[in-house]
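Lettering of chains follows the sequences in order, A, B, ..., and the numbering in each one begins at 1.
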2 protein chains.
Amino acid sequence: MPRSRDNQQHQAFRERILEVARQQMAQHGTAGLGLRAIARELDVTAPALYRYFPTHDDLITALVVEGFTGLAEAVEGAQQANIHLPLRDQLREVLLAYRQWAVDHPIDFQMIYGSPIPGYHAPSEITVPIVIRGFAVIVGLIDGLLQSGQIQRETVYHHIPEPTRQILHERIERDNYPVSDTAMYMGVVGWGQLHGIIMLELFGHLGPVVGNVDAYYRGQVESLLVAMGSDPP
Amino acid sequence: MPRSRDNQQHQAFRERILEVARQQMAQHGTAGLGLRAIARELDVTAPALYRYFPTHDDLITALVVEGFTGLAEAVEGAQQANIHLPLRDQLREVLLAYRQWAVDHPIDFQMIYGSPIPGYHAPSEITVPIVIRGFAVIVGLIDGLLQSGQIQRETVYHHIPEPTRQILHERIERDNYPVSDTAMYMGVVGWGQLHGIIMLELFGHLGPVVGNVDAYYRGQVESLLVAMGSDPP
DNA sequence: AGGTTTCGATAAACAGTGTTTATTAAAGTG
DNA sequence: CACTTTAATAAACACTGTTTATCGAAACCT
């Protein structure tokens with residue numbers, strides 16, 4: 001551990017490393033993420049970086065945490081930016097922002113939700129809490145729609161498979177997160193559905209099939225809201 | 001190019017390489033996919049493999065093609081195994097088989113639909129046709145359900161966003177694939193939705209949230225069928 | 001201020017990797 | 001047999017992440 005006064009410089013250089021790492025990744029993909037390459041860019045030898053990150057994996061973990069945080073902030077920001085709109089519109093904008101962040105930061109998104117670095121797997125005790133942060137916004141909005149009666153039409157998503165309901169309920173109680181089981185369930189369902197579209201898009205499988213992915217995603221978000229029981233606009 | 005008589009031996013050893021590669025990958029993940037490691041296992045030096053695969057990427061591409069083919073065969077097999085059941089049940093079983101293959105061959109699935117090998121991206125002119133092969137089974141079943149009036153309830157998935165409909169229609173005509181636009185659209189929608197669940201599961205993000213992924217997926221398949229307009233069982 | 005500790009950075013080396021080159025041995029064909 | 005083609009090799013190249021021992025400089029404490 002560095003001494004208290006040096007801590008500032010230490011953290012500053014740590015930030016620079018992450019900055020360069022992110023930049024290199026954006027340019028050359030996850031393949032370009034090399035200790036030596038980063039060191040070169042910083043006019044420093046490779047072993048020097050070990051003072052800041054004990055191992056290569058720790059660097060990646062730091063980037064993953066940054067990524068998750070960025071996604072969570074984008075989602076939260078989207079809600080704040082549309083806080084004056086009706087809940088349904090807020091939810092739509094939040095879901096659009098979710099994909100938009102993925103499109104704008106494809107590498108980060110892959111690193112978060114996939115594992116493009118061979119042999120590396122993000123420690124879930126670190127990732128799970130941050131995933132939930134962005135997730136909470138979505139579920140919160142759904143819960144709001146349910147409570148205010150803006151989702152009243154009964155749909156398939158009102159019937160939760162029993163084993164799933166139990167786990168979801170436990171999670172809600174454990175995290176002390178005041179939403180209904182149904183809201184949580186709908187959140188997970190929507191999350192999964194949209195996640196599939198985004199992943200397919202990111203790896204180039206969806207574009208050739210549906211052409212304009214932007215329009216397609218927009219349509220799917222709207223369909224999701226309707227499928228949940230919200231009235232079409 | 002090897003001579004005509006040697007061709008047999010050449011192809012045989014090529015197969016052995018792929019076999020070992022697949023095995024190594026299953027054991028040590030995509031990280032364990034190394035030319036030298038494969039060569040060691042085959043009691044051969046690394047450069048020898050270059051007679052069979054010009055480069056590392058070509059080996060991977062061969063594995064990807066094998067993977068896609070395996071998935072397509074699993075899907076087709078699932079339909080054949082349930083050909084005596086009603087169309088709706090056939091579709092359910094096919095969709096369950098789709099995930100089951102992913103669970104049984106997680107590495108292959110990641111390699112197919114993601115890109116866990118840094119710097120490598122599967123050439124779409126090779127992958128797209130094989131993706132469609134498995135996809136065709138699903139769309140075919142949906143089309144059958146639509147034509148036989150087993151999907152008659154109007155749902156959101158009957159209304160296709162115009163830009164998407166155009167592209168889908170072009171694909172159908174170009175590939176001379178005799179299904180309706182609606183069947184194609186529902187196929188894509190379902191594919192995307194379930195793909196999200198599978199990807200989240202494979203990377204360990206879904207398990208902690210829903211507990212029993214098996215039951216959850218089953219429920220989602222059923223929900224999907226209902227959401228498409230098929231009556232609940 | 002002086003002595004000691006601590007931190008940052010380094011060069012050198014290790015064990016790997018994918019890939020290229022030149023060379024050798026072994027088959028198949030006329 | 002001579003000749004060509006193929007397979008495999010050893011050696012080397014340019015990398016990679018990581019460890020070790022070493023050195024200078026700054027920070028702390030007395």
Side-chain angles (χ1 to χ4, degrees), chain A residues 1-21 24-25 27-64 111 115-122, chain B residues 1-21 24-25 27-64 111 115-122:
Chain A
M1 288 171 269
R3 302 186 216 190
S4 51
R5 270 311 73 180
D6 295 339
N7 219 304
Q8 205 169 344
Q9 284 191 19
H10 188 87
Q11 290 298 335
F13 197 70
R14 218 185 110 102
E15 283 298 317
R16 283 201 63 199
I17 294 175
L18 290 174
E19 191 184 328
V20 170
Q24 300 252 10
M25 259 193 354
Q27 281 184 14
H28 312 97
T30 49
L33 190 82
L35 285 193
R36 287 185 128 104
I38 297 172
R40 258 194 303 275
E41 185 74 22
L42 290 168
D43 278 318
V44 160
T45 55
L49 303 182
Y50 281 76
R51 297 278 146 182
Y52 303 88
F53 298 95
T55 171
H56 190 198
D57 281 19
D58 294 280
L59 203 173
I60 299 176
T61 300
L63 288 171
V64 169
M111 206 171 53
S115 65
I117 288 93
Y120 173 82
H121 204 73
Chain B
M1 287 168 271
R3 302 185 218 189
S4 50
R5 271 312 67 181
D6 295 340
N7 219 303
Q8 205 170 344
Q9 284 191 21
H10 188 87
Q11 291 299 335
F13 197 70
R14 220 186 108 102
E15 282 299 317
R16 284 202 61 198
I17 294 175
L18 290 174
E19 191 185 327
V20 170
Q24 300 252 9
M25 259 190 358
Q27 281 183 14
H28 312 97
T30 50
L33 190 83
L35 285 194
R36 288 184 129 104
I38 297 172
R40 258 194 303 276
E41 185 73 22
L42 290 168
D43 278 319
V44 161
T45 55
L49 303 181
Y50 281 76
R51 297 276 144 185
Y52 303 89
F53 298 96
T55 171
H56 190 197
D57 281 19
D58 293 280
L59 204 171
I60 299 175
T61 300
L63 287 171
V64 170
M111 203 171 54
S115 65
I117 288 92
Y120 173 83
H121 204 72

List the atom of [X], the atom of [Y], and the distance in Å for their closest heavy-atom pair.
| X | Y | value |
| --- | --- | --- |
| A/Met111 | A/Ile60 | SD-CG2, 4.4 Å |
| A/Arg51 | A/His10 | O-CE1, 3.5 Å |
| B/Leu35 | B/Leu49 | O-CD1, 3.5 Å |
| B/Phe53 | B/Ile17 | CE1-CG2, 3.7 Å |

Sub-4.5 Å side-chain heavy-atom contact between B/Ile38 and B/Val44
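Counting from C-beta outward, B/Ile38 and B/Val44 never come under 4.5 Å.
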So, OP1 or OP2 of C/dC7: does either fall under 4.0 Å of a side-chain N or O from A/His10?
no
OP1 or OP2 of C/dT10 sitting under 4.0 Å from any side-chain N/O of A/Thr45?
yes
Please write out each protein N/O paired with an N/O of nucleotides 21-23 of chain D under 3.5 Å, distance rounded to 0.1 Å.
none

Between [N] atom [atom2] and [X] atom [atom1], what is the distance in whole Å?
| X | N | atom1 | atom2 | value |
| --- | --- | --- | --- | --- |
| A/Asp43 | C/dA9 | CG | P | 12 Å |
| A/Arg14 | C/dG8 | CZ | C1' | 16 Å |
| A/Leu59 | D/dT16 | CG | P | 15 Å |
| A/Phe13 | C/dG8 | CZ | P | 10 Å |
| A/Arg16 | C/dG8 | CZ | P | 15 Å |

B/Phe13: partners by ring pair (Phe, Tyr, Trp, His ring centres under 6.0 Å), with sequence neighbours left out:
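Once residues adjacent in sequence are excluded, the partners of B/Phe13 under the ring pair (Phe, Tyr, Trp, His ring centres under 6.0 Å) criterion are B/Tyr52.
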Exactly one of B/Gln24, B/Arg36, B/Glu19 should register a side chain to side chain contact (heavy atoms under 4.5 Å, CB included) with B/Glu41. Which one does?
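The side chain to side chain contact (heavy atoms under 4.5 Å, CB included) with B/Glu41 is passed solely by B/Gln24 among B/Gln24, B/Arg36, B/Glu19.
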Identify the pairs formed between an N or O of the protein and an N or O of nucleotides 17-20 of chain C at a distance under 3.5 Å, and give each distance.
from: C/dT17; atom 1: OP1; to: B/Arg40; atom 2: NH2; distance (Å): 3.3
from: C/dG18; atom 1: OP1; to: B/Leu35; atom 2: N; distance (Å): 2.8
from: C/dG18; atom 1: OP2; to: B/Leu35; atom 2: N; distance (Å): 3.3
from: C/dG18; atom 1: OP2; to: B/Arg36; atom 2: N; distance (Å): 3.1
from: C/dG18; atom 1: N7; to: B/Arg36; atom 2: NH1; distance (Å): 2.3
from: C/dG18; atom 1: O6; to: B/Arg36; atom 2: NH1; distance (Å): 3.1
from: C/dT19; atom 1: OP1; to: B/Thr55; atom 2: OG1; distance (Å): 2.8
from: C/dT19; atom 1: OP2; to: B/Tyr50; atom 2: OH; distance (Å): 2.8
from: C/dT19; atom 1: OP2; to: B/His56; atom 2: N; distance (Å): 3.1
from: C/dT19; atom 1: O5'; to: B/Tyr50; atom 2: OH; distance (Å): 2.8

Test of understanding: with side-chain contact (heavy atoms from CB on, under 4.5 Å), list the residues that count as partners of A/Glu15, not counting sequence neighbours.
A/Leu18, A/Glu66
To the nearest 10 degrees, what angle separates the axes at the start and end of the helix from C/dA1-D/dT30 to C/dG30-D/dC1, five pairs each?
0°
So B/Tyr52, base contact, sugar-phosphate only, or nothing? Heavy-atom distance under 4.0 Å.
sugar-phosphate
